[in-house]
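Structure record follows, encoded as structure tokens.
Order of the sequence lines sets the chain letters (A, B, ...), proteins ahead of strands, with each chain counted from 1. Worth saying up front: this structure is predicted, and the values here are computed from it rather than measured.
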Amino acid sequence: MKVVLPDNAELELPEGASGLDAARAIGPKLAEQAVLVEVDGKPRDLRLPLANGERVRFLTTRDSSDPAALYVLRHSSAHLLAEAVRRLYPGVKIAIGPPIENGFYYDFDFPEPISESDLERIEEEVRREIAEGREWSREEIARDDAVKRFEAEDEPYKVELVDTAEGDISLYTQGDFTDLCRGLHLQNARPIKAFKLTGLAGAYWRGDERNRQLTRIYGTAFYSQADLDAYLERLEQARARDHRRLGVQLDLFHLDEISPGSPFWHPKGAVIWNELEAMRRRENAARGYSEVRTPLIFDKALWERSGHWEKFRENMFLIPEDDHIFAIKPMNCPGHMMLFAQQLRSYRELPLRYAEAAPLHRNERAGTLHGLTRVRIVTQDDAHIFCTREQIEDEIFGCLDYAKFVYDLFGLESSFELSTRPENRLGADEEWDFTEAALQAALERRGLEFSVNEGDGAFYGPKIDLHMRDSLGRAWQMGTVQLDALTPARIGCSYVGADNAEHVPYVIHRALMGSFERFIGILTEHYAGAFPFWIAPVQIRVLPVGESHRDAAHELAAGLAPYRVEVDASDDTVGKRIRNAEVEKIPFVLVYGDKESEDALAIREHGGLKDTLSLQEFRAKLATLVPWQAGAEPSLTS
RNA sequence: GCCGGAGUAGCUCAGCUGGUAGAGCGCCUCUCUUGUAAAGAGGAUGCCAGGGGUUCGAGUCCCCUCUCCGGCUCCA
């Protein structure tokens with residue numbers, strides 16, 4: 001048989017030859033260094049046979065940053081970890097140990113709990129294994145034999161995995177350790193040049209909290225020590241962008257245990273908030289939304305009608321009052337629907353778009369709070385659009401266009417996800433066919449790349465979510481656009497159609513930034529605290545050189561209205577005051593002394609770029625930095 | 001809610017095996033009046049998260065609670 005190499009050359013091989021055989025046929029060095037073979041673009045274990053006509057490409061230890069090559073390295077590292085743990089902790093049961101984005105983990109059921117201090121000795125044991133040398137071999141066995149084998153070893157988790165595994169059962173063995181595993185694995189442990197255990201955590205068996213909690217050991221591995229060092233360095237830098245750290249450093253907000261998950265916004269943080277709020281109002285007005293205000297607390301009766309009482313009560317803050325109970329709203333929808341339902345509505349009023357950025361409260365489970373990204377007070381840039389069936393696609397399109405406008409304004413990279421009908425749902429399949437198609441059509445019409453999350457929609461309709469990552473790579477949901485064909489009827493929303501009959505409107509729930517709290521958290525990390533001019537808490541700082549320049553500096557600052565300008569007339573040296581402004585990440589510093597005048601301002605941008613401009617020129621430059629002043633008037637793209 | 005870790009000055013952190021608390025930055029005062037990332041000198045600052053216990057004596061050891069951190073689970 002023949003296989004095709006990347007340069008299109010054909011390689012003649014005996015029937016049934018493996019990837020490793022092919023590598024040997026090309027050269028001993030390649031065979032030694034190969035870690036996997038890509039067949040028609042898909043990774044395959046070197047030990048598996050190739051077939052006639054397949055296009056092959058070898059990845060070697062030199063492809064040290066290739067995700068597939070790292071995956072193999074880390075998968076094998078996980079097996080070394082399991083071997084070490086079994087040797088050091090007799091009686092431990094092993095569960096699963098896959099490679100993940102930046103490393104790998106392995107889940108164990110320890111007879112006695114272990115702590116972080118144990119990691120060091122486990123790590124040493126793995127290093128010893130690597131030094132001693134390990135080779136992996138692969139075998140395929142019958143399902144029954146696999147069950148017997150793991151029962152004999154008293155490995156109940158493995159038995160369960162064999163039971164639910166699909167396809168052939170394969171085993172990989174290194175040293176005296178054999179694991180149920182689909183692969184792929186290295187030929188031997190030599191390529192593992194850097195190995196590090198990074199953490200310890202609890203994790204439920206099969207990700208279900210009703211199951212037993214296992215101990216998960218996280219680690220990472222690289223093809224070189226330098227790669228590991230670089231990875232740790234990147235992590236360190238990412239921590240410097242962490243909004244929780246920057247929030248305190250830049251005096252934006254703080255949290256206090258007197259009200260967990262509820263930030264205190266300091267003056268500088270409030271400036272950012274208010275700029276976002278101004279943007280929200282300006283855009284909403286331009287895009288045909290009406291601002292409304294609805295109560296913060298409602299009688300439990302409303303939540304019973306909306307369905308929240310049944311589904312969301314655990315997350316609601318309740319206020320008992322004599323013989324009935326109020327609840328602080330965790331969402332705006334019921335209030336907006338009450339508002340809609342208060343009058344007899346005509347189809348001529350639709351689409352009707354209600355916007356409200358009210359503070360919502362959600363009693364999140366203890367242990368889930370996280371800086372600004374997981375809070376108990378959630379101020380969504382919320383809106384509800386009441387529309388007819390025919391208007392759905394256009395309205396979804398409008399939401400997506402708006403979302404894109406907001407994200408582009410900040411240069412944020414987001415991913416759109418379409419979530420479709422869940423198993424547990426209400427409504428006929430034809431209805432879901434229609435609504436899912438409408439959402440997809442809107443996504444395509446707006447030209448957005450999106451992924452599909454099958455079965456992850458709400459029980460009342462499909463949705464489109466926007467996700468972003470924080471500085472440490474954790475994904476957070478930001479915006480959401482959801483179609484709801486159920487709640488409006490429950491609250492009693494209806495309108496009179498052209499046919500003079502009563503109809504229930506569809507409602508689109510949508511928040512684009514998501515919440516101000518989370519959005520500012522993500523923005524802080526995105527900009528590493530150096531906010532763009534238009535939302536910077538302090539936009540310009542004027543530094544009078546000496547005492548005699550202070551009055552002129554104040555005049556200059558006044559002349560720069562309405563920008564947010566401060567004069568730093570403290571006794572510190574000019575050098576120190578510049579440093580302070582840099583540390584505070586203020587966009588512009590004007591040093592004002594004998595050499596400066598309105599015709600010649602000494603301008604320093606954050607980062608050190610210097611320029612001399614007249615006041616007029618400087619103002620013209622500033623105007624270009626404010627999106628809606630620079631002629632970027634909002635417009636519906638279509 | 002679960003597993004593991006941590007809470008010391010406004011911030012970042014030191015405080016070994018128990019003997020009553022420290023540094024740098026910041027803050028205050030004084031001197032200097034500054035030219036593009038740190039002038040100099042002096043000073044103040046703590047319920048050592050909260051509560052209970054062991055001890056002659058607890059920041060340090062034990063127990064409980066709260067909060068935070070890393071995960072898991074959850075997340076309309």
Side-chain angles (χ1 to χ4, degrees), chain A residues 105 107 110 113-119 198-218 239 242 244-245 248-251 254-261 306-308 311-312 314-315 330-334 360 362-371 373-375 378 380 382 419 456-461 463 465 472 474 476-477 480 482 484 486-487 509-511 518 543-550 569-584 589-596 602-611:
Chain A
Y105 66 79
D107 285 348
F110 283 94
I114 65 161
S115 74
E116 267 170 26
S117 53
D118 290 82
L119 294 183
T198 51
L200 196 59
Y204 300 102
W205 169 238
R206 305 219 141 171
D208 189 330
E209 68 177 324
R210 287 164 304 189
N211 288 341
R212 185 173 171 78
Q213 185 157 35
L214 308 174
T215 301
R216 176 168 297 178
I217 298 178
Y218 284 94
R239 273 188 207 106
D242 192 315
R244 291 167 300 182
R245 179 197 281 248
V248 173
Q249 273 174 12
L250 299 176
D251 199 18
H254 80 271
L255 292 157
D256 189 287
E257 61 183 81
I258 204 68
S259 183
S306 69
H308 289 89
K311 300 229 173 234
F312 207 71
E314 281 180 13
N315 287 309
M331 282 156 211
N332 288 307
C333 16
L360 310 173
R362 299 177 183 181
N363 195 359
E364 301 288 355
R365 288 166 84 174
T368 57
L369 300 178
H370 186 99
T373 43
R374 188 75 180 266
V375 286
V378 180
Q380 294 185 327
D382 208 2
S419 294
D456 208 38
F459 66 91
Y460 50 67
K463 61 175 183 173
D465 288 331
L472 294 172
R474 293 174 287 214
W476 297 96
Q477 186 188 313
T480 184
Q482 310 191 355
D484 186 351
L486 176 77
T487 327
H509 306 251
R510 65 74 325 183
R518 185 175 285 183
L543 308 186
V545 172
E547 279 170 347
S548 60
H549 308 113
R550 286 179 184 173
S570 66
D571 290 335
D572 288 320
T573 59
V574 171
K576 181 60 183 294
R577 284 179 283 160
I578 283 169
R579 180 172 194 280
N580 286 341
E582 286 289 342
V583 169
E584 292 172 53
V589 171
L590 307 186
V591 176
Y592 202 85
D594 287 334
K595 298 179 218 160
E596 284 75 29
I603 294 156
R604 177 194 169 101
E605 284 184 38
H606 173 62
L609 204 63
K610 291 190 277 286
D611 199 4

base_contact_polar ([N] base, [X] side chain, donor-acceptor, <3.5 Å):
X	N	result
Tyr204(A)	G1(B)	yes
Glu547(A)	U33(B)	yes
Arg604(A)	A37(B)	yes

How far apart are the closest heavy atoms of [X] and [Y], and which atoms are they?
X	Y	value
Asn315(A)	Glu364(A)	OD1-CA, 4.1 Å
Asn211(A)	Trp205(A)	ND2-O, 2.8 Å
Val375(A)	Gly261(A)	CB-O, 3.2 Å
Glu584(A)	Leu250(A)	O-CD2, 4.0 Å

Heavy atoms under 4.0 Å, any strand shown: does [X] hit a base, just sugar-phosphate, or nothing?
X	answer
Leu369(A)	sugar-phosphate
Ala203(A)	sugar-phosphate
Ser570(A)	base

Taking Watson-Crick and G-U wobble contacts under 3.5 angstrom, with | marking pairs to another strand and [ ] crossing pairs, the secondary structure of RNA chain B is written (((((((..((((.....[..)))).(((((.......))))).....(((((..]....))))))))))))....
Worksheet item: Judged by modelled atom types alone, do His509(A) and Asp382(A) share a side-chain donor-acceptor pair under 3.5 Å?
Response: no
Can you tell me how far [atom2] of [N] sits from [atom1] of [X], to the nearest Å?
X	N	atom1	atom2	answer
Asp594(A)	U34(B)	CG	C1'	11 Å
Trp205(A)	U73(B)	CH2	P	14 Å
Asn363(A)	G1(B)	CG	P	9 Å

Quick note, Val583(A) side chain, CB onward, closest among C68(B), C72(B), A37(B) is A37(B)
Ile217(A) and Leu119(A), any side-chain heavy atoms less than 4.5 Å apart: yes
pair Pro544(A)-Glu596(A): side-chain heavy atoms closer than 4.5 Å: no
Please tabulate the protein-to-nucleotide N/O contacts below 3.5 Å involving nucleotides 74-76 of chain B, giving atom names and distances.
from	atom 1	to	atom 2	distance (Å)
C74(B)	O2	Arg374(A)	NH2	2.9
C74(B)	N3	Arg374(A)	NH1	3.2
C75(B)	O2	Arg374(A)	NH1	3.3
A76(B)	N1	His308(A)	NE2	2.6
A76(B)	N3	His308(A)	NE2	3.4

field: Arg206(A)/Asp208(A) salt bridge by N-O under 4.0 Å criterion
entry: no
Ranking Gly575(A) and Arg244(A) by the position along RNA chain B of their nearest nucleotide, the one closer to 5' is Gly575(A)
When Lys610(A) and Gly199(A) are each assigned the nearest nucleotide of RNA chain B, the 5'-most assignment goes to Lys610(A)
Dump the pairs, protein N or O against N or O of nucleotides 24-31 of chain B, anything under 3.5 Å, distances to one decimal.
from	atom 1	to	atom 2	distance (Å)
G26(B)	OP1	Lys576(A)	NZ	2.7

The side chain to side chain contact (heavy atoms under 4.5 Å, CB included) partners of Arg365(A) (sequence neighbours excluded) come to Glu209(A), Thr368(A)
Give me the distance, rounded to whole Å, that separates C69(B) from U34(B) when you measure between the C1' atoms they each carry. 43 Å
For a quick test of reading the model: is some side-chain N or O of His370(A) closer than 4.0 Å to OP1 or OP2 of G70(B)?
yes
task = Could you tell me whether the phosphate oxygens of A39(B), OP1 or OP2, come under 4.0 Å of any side-chain nitrogen or oxygen in Thr573(A)?
result = yes
Taken in chain and number order and not counting sequence neighbours, the residues that satisfy salt bridge (Lys or Arg N to Asp or Glu O under 4.0 Å) with Asp256(A) are none
Sorted by chain and number, sequence neighbours left out, salt bridge (Lys or Arg N to Asp or Glu O under 4.0 Å) with Arg239(A) holds for Glu236(A)
